[in-house]
> 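I'd like to ask some things about the structure below.
All values derive from a computational prediction rather than experimental measurement.
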Amino acid sequence: MTSAPVQRPAVCVVGTVPGEGVQGRRIGIVDLDREGREFDRIDLAEEALPDHIRDRENGAGGEQKEARPRWVFSDTPKWYPPLLAAGVSIERCHDLRLTHAVIARSELVTAPEALRAAADWDAAPADATAADHAAALFDVDAGRGFIPQVPHDLEAALAEYARQTTAIENASDPGRLRLLLAAESAGGLVAAEMRSAGVPWDEAEHDRILTELLGPRPIRDGKPQKMLAKAEEVRAALDDPRANLDSPNRLLAALRNAGINVASTSKWELRTSEHPAIAPLLEYKKMARLLSANGWHWCDEWVDEGRYRPVYVPGGVVTGRWAASGGGALQIPRQLRPALRADKGWRLVSADVAQLEPRALAAMSGDRAMAAAGFGRDLYSGLVDAGVVSTRHEAKIAVLGAMYGSTTGEAGALVPRLRQNFPAAMHLVDSAAEAGRAGGVVSTWLGRTSPPPGERWQRLQREANRFDATVADEQRARRAAGDQGRFTRNFVVQGTAAEWALAWLADLRLRLAELPEIGAAADGGAGTRPAAASGPVFSRRAHLVFFLHDEVIVHAPAQQADEAAQAIRAAAASAGRLLFGDAPVDFPLDLSIGERALKD
DNA sequence: CTCAGCAGCGCG
DNA sequence: AAAGCGCGCTGCTGAG
């Protein structure tokens, strides 16, 4: 056995190294101390990596738990899924691609030049789907449609890590940036872990819902019977037996022929008509949507052995929100929520934050009046009680209007009342909008910076400033400036809310990992869990299975559900303190424990 | 035939 | 007659 290392690494940089031995690819690992100096370097076969990392995480060789290193990865989706598949999870990482994306653009970074020059780090994430077909893409589509990946070799990782470290150290506020980057990287781990664990999904319940609403599953790709019947109902009401309901153009023509005067076939426009064809048509459209987006075909493709495994893309939205790339994780219709169902002997603990974005705004702007209006209660009702508006509905319209930049209609009429009552909050979003209108950038609370307007935007502004500019030129430019202003106005709020949510997620992840593993007996005995559905990492304790902007779902053994709920609450409180210190803003949760993940 | 762009609607 | 942010996905459409 090896003796305990004299020095404990703060950071371990992982990457591929040249030289393919008989055992396949080799992986290098460089240990850095707290000052970033290299003090050990090893290399090993790729197959040996999971065991090596497990040993280091478990403290083999005398390392204490507190001494777990931060693993530096080129791209978490490239390195972590194989570890999870081997039953290995890690505590902390530094994702070079995610970090690069933030700090190459952050206003907090004072010397971004070296980072920006390293353009090969400015790439799309490795995507499981793309990776599967990477070889084919190379052969067939070389140079076209190929998603560039970041470098995965050790030397490139070391060089980029050094550049990033320097940039962060020299930032105007390194602490804030480090907080953001740690949360961002932790998000990368969570996304991989959630995909590995999967959302427990009751396929029979899903089928039951579809059958109830659409009729039994049709053989082959036909339309289900209730949908066909509904279509006939519409055609009868239109007195047009050949009307095509699936083509917007032809549907519009059919509606016109029936004397229904609408300019488009969208929902809100159809609702204005009283014609007897409208009600069944709206029902038909809803059915068609359910069938195509989350019907049987979707279930076949995305649900396997009782687990729904969407692909998450952390940092996929410019504001810092996550995106999805496959499986539609961000748009599961509420109709289908009952299909989320805990395994036997387990529970789903679901929690969402009430009015996260306005709370983030109150906190970051230090608006004490707004914070007080929401403290310990529904923020919208708080606005009514404070006499700012007269109904909860008005409060919601006004607050959303303030954050989105509404100027007309009901929202436009209500926003000035917020400006009067919450000057600090409104000044923050108004300033952000002004910066955007002028072509500038804005930053979130922790330092994520908005992308500057593009070349098209700059051209429109130039054209409007020429001596021979037409009225149309000026209109286009003004319009584009307004759009950019509303974007930056919303960016600071949505982005800061996303930071709070990431901090919540990161903290929760660590708390859940501290919960004890339940014993084999407590696992429920025979047949309680689909054994193949998730790896050993997630089969014995509460773990995250779903995250959607301001909402988490934890799958927990029944006897651990209360502890999981407590962890969710504690993590929310911790996230608030971490970001906003002692600011008098709270982030109350709606939390429920049950076999299903039903809200309300 | 492929494919980018759009409409429409789901989510926050 | 939909105003006002950020997304993804599906199916239709018109162009090549």
Side-chain angles (χ1 to χ4, degrees), chain A residues 140-141 144-145 221 223 244-252 261-273 281-282 284-295 297-298 301-302 310-337 352-358 360-361 396-415 429 432-433 436 442 444 448 450-451 479 482-498 500-501 546-552 599:
Chain A
V140 180
D141 277 7
R144 191 176 59 95
D221 287 333
K223 281 179 189 157
N244 182 341
L245 310 187
D246 300 318
S247 158
N249 280 355
R250 296 193 212 181
L251 175 58
L252 191 59
N261 211 6
V262 284
S264 81
T265 62
S266 57
K267 224 198 248 175
W268 55 84
E269 177 126 14
L270 293 176
R271 280 209 192 104
T272 61
S273 168
L281 176 57
L282 290 174
Y284 176 84
K285 283 164 90 72
K286 198 169 173 68
M287 294 162 109
R289 164 78 195 184
L290 178 63
L291 175 67
S292 67
N294 297 98
H297 184 255
W298 175 88
E301 188 171 353
W302 292 103
V311 179
Y312 294 99
V313 185
V317 180
V318 283
T319 58
R321 274 186 172 183
W322 287 15
S325 117
L330 277 51
Q331 26 188 148
I332 298 296
R334 307 186 77 85
Q335 285 172 303
L336 249 39
R337 280 298 180 109
D352 70 291
V353 195
Q355 306 101 29
L356 174 56
E357 291 189 356
L361 172 58
K396 190 169 177 176
I397 296 287
V399 168
L400 293 179
M403 295 187 305
Y404 294 166
S406 301
T407 54
T408 62
E410 196 183 352
L414 291 167
V415 169
V429 287
V442 296
T444 60
R448 192 188 307 264
S450 65
R479 166 92 202 183
D483 287 349
Q484 188 67 17
R486 284 189 303 280
F487 167 64
T488 50
R489 171 191 293 271
N490 188 246
F491 182 95
V492 292
V493 180
Q494 189 183 112
T496 299
W500 182 92
F546 192 72
F547 168 61
L548 181 55
H549 307 320
D550 62 353
E551 175 187 1
V552 295
K599 282 216 261 182

> I'd like to know whether A:K267 forms a side chain to side chain contact (heavy atoms under 4.5 Å, CB included) with A:K285, so could you lay out the CA-CA distance, the side-chain angles of the two residues, the decisive distance to 0.1 Å, and finally the verdict.
CA-CA 9 Å; A:K267 224 198 248 175; A:K285 283 164 90 72; 5.7 Å; no
> Would you say the side chain of A:R289 and the base of B:dC9 hold a donor-acceptor pair, judged only by whether the two atoms sit under 3.5 Å apart?
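Side chain to base: pair present.
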> Please give, in whole Å, the distance from C:dC9 P to A:N294 CG?
11 Å
> Is it true that a side-chain atom of A:T488 and a backbone atom of A:A432 form a donor plus acceptor pair closer than 3.5 Å?
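Between the backbone of A:A432 and the side chain of A:T488 there is a qualifying donor-acceptor contact (under 3.5 Å).
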> So which one's nearest nucleotide on DNA chain C is more toward 5', A:W268 or A:T319?
A:W268
> Where do N or O atoms of nucleotides 12-16 of chain C meet protein N or O atoms at under 3.5 Å, pair by pair?
{"unit_1": "C:dT13", "atom_1": "OP1", "unit_2": "A:S247", "atom_2": "OG", "d": "2.0"}

> If only atom types and distance count, is the side chain of A:T272 paired as donor or acceptor with the main-chain N or O of A:E269 below 3.5 Å?
yes
> Taking only the side-chain nitrogens and oxygens of A:T265, find out if one of them lies under 4.0 Å from OP1 or OP2 of B:dG8.
yes
> Quick check for you: among C:dC7, B:dG12, C:dG6, whose closest atom lies nearest to any side-chain atom of A:L548?
B:dG12
> Report which part of the nucleic acid A:E357 touches: base, sugar-phosphate, or nothing (heavy-atom distance under 4.0 Å, all strands).
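Contact class for A:E357: none.
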> What is the distance from CH2 of A:W322 to P of B:dC11, rounded to the nearest Å?
20 Å
> Only counting residues at least two apart or in another chain, list the ones meeting salt bridge (charged side-chain N to carboxylate O under 4.0 Å, His left out) with A:R289.
none
> What's the closest nucleotide to the A:Q331 side chain, out of B:dG12, B:dG10, B:dC9?
B:dG10
> Hey, does the side chain of A:K267 come within less than 4.0 Å of B:dG10's phosphate (OP1/OP2), counting only N and O?
yes
> Between B:dA7 atom P and A:N244 atom CG, what is the distance in whole Å?
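From A:N244 CG to B:dA7 P: 18 Å.
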> Given atom CD of A:E269 and atom C1' of B:dC9, what is their separation to the nearest angstrom?
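Taking atom C1' of B:dC9 as the reference, CD of A:E269 is at 15 Å.
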> What is the distance, to the nearest angstrom, from the CG atom on A:L282 to the C1' atom on B:dG8?
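From A:L282 CG to B:dG8 C1': 12 Å.
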> Classify A:G316 by what it touches in the nucleic acid, base, sugar-phosphate, or nothing, heavy-atom distance under 4.0 Å.
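Result for A:G316 = nothing.
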> Just name whichever nucleotide pairs with C:dA3, Watson-Crick or G-U, keeping both distances under 3.5 Å, else none.
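Checking every strand shown, C:dA3 finds no partner, since no pair has both distances under 3.5 Å.
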> Can you tell me how far P of C:dG11 sits from OH of A:Y284, to the nearest Å?
11 Å
> Look at all strands and tell whether A:G327 reaches a base, only sugar-phosphate, or nothing, counting heavy atoms closer than 4.0 Å.
sugar-phosphate
> If you measure from CZ on A:R321 to CZ on A:F547, what distance do you get to the nearest 0.5 Å?
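Going from the CZ atom of A:R321 to the CZ atom of A:F547 covers 9.0 Å.
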> Which part of the nucleic acid does A:L356 contact within heavy-atom distance under 4.0 Å: base, sugar-phosphate only, or nothing?
nothing
> With nearest nucleotides of DNA chain C determined for A:E301 and A:D483 from heavy-atom distances, which residue corresponds to the more 5′ nucleotide?
A:D483
> Does the salt bridge (Lys or Arg N to Asp or Glu O under 4.0 Å) test come out yes or no for A:E551 and A:R337, once each step is laid out?
CA-CA 13 Å; A:E551 175 187 1; A:R337 280 298 180 109; 3.0 Å; yes
> So which nucleotide from C:dA3, B:dG8, B:dC11 ends up closest to the side chain of A:T408?
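When the side chain of A:T408 is considered, C:dA3 is the closest of C:dA3, B:dG8, B:dC11.
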> Roughly, in whole Å, what's the span from CG in A:L252 to C1' in B:dG8?
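Roughly 13 Å, once rounded to whole Å.
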> Can you tell me if A:S325 uses its side chain to pair, donor with acceptor, with the backbone of A:V311 under 3.5 Å?
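Looks like no, no N/O pair under 3.5 Å.
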> Search all heavy atoms of A:L290 against all heavy atoms of A:Q335 and return the closest pair with its distance.
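Minimum heavy-atom contact is CD1-OE1, 3.7 Å.
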> Is the base of B:dG12 touched by the side chain of A:R321 through a donor-acceptor pair closer than 3.5 angstrom?
yes
> Calculate the interatomic distance between A:M287 atom CE and B:dC9 atom C1'; express it in whole Å.
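The answer, rounded to whole Å, is 16 Å.
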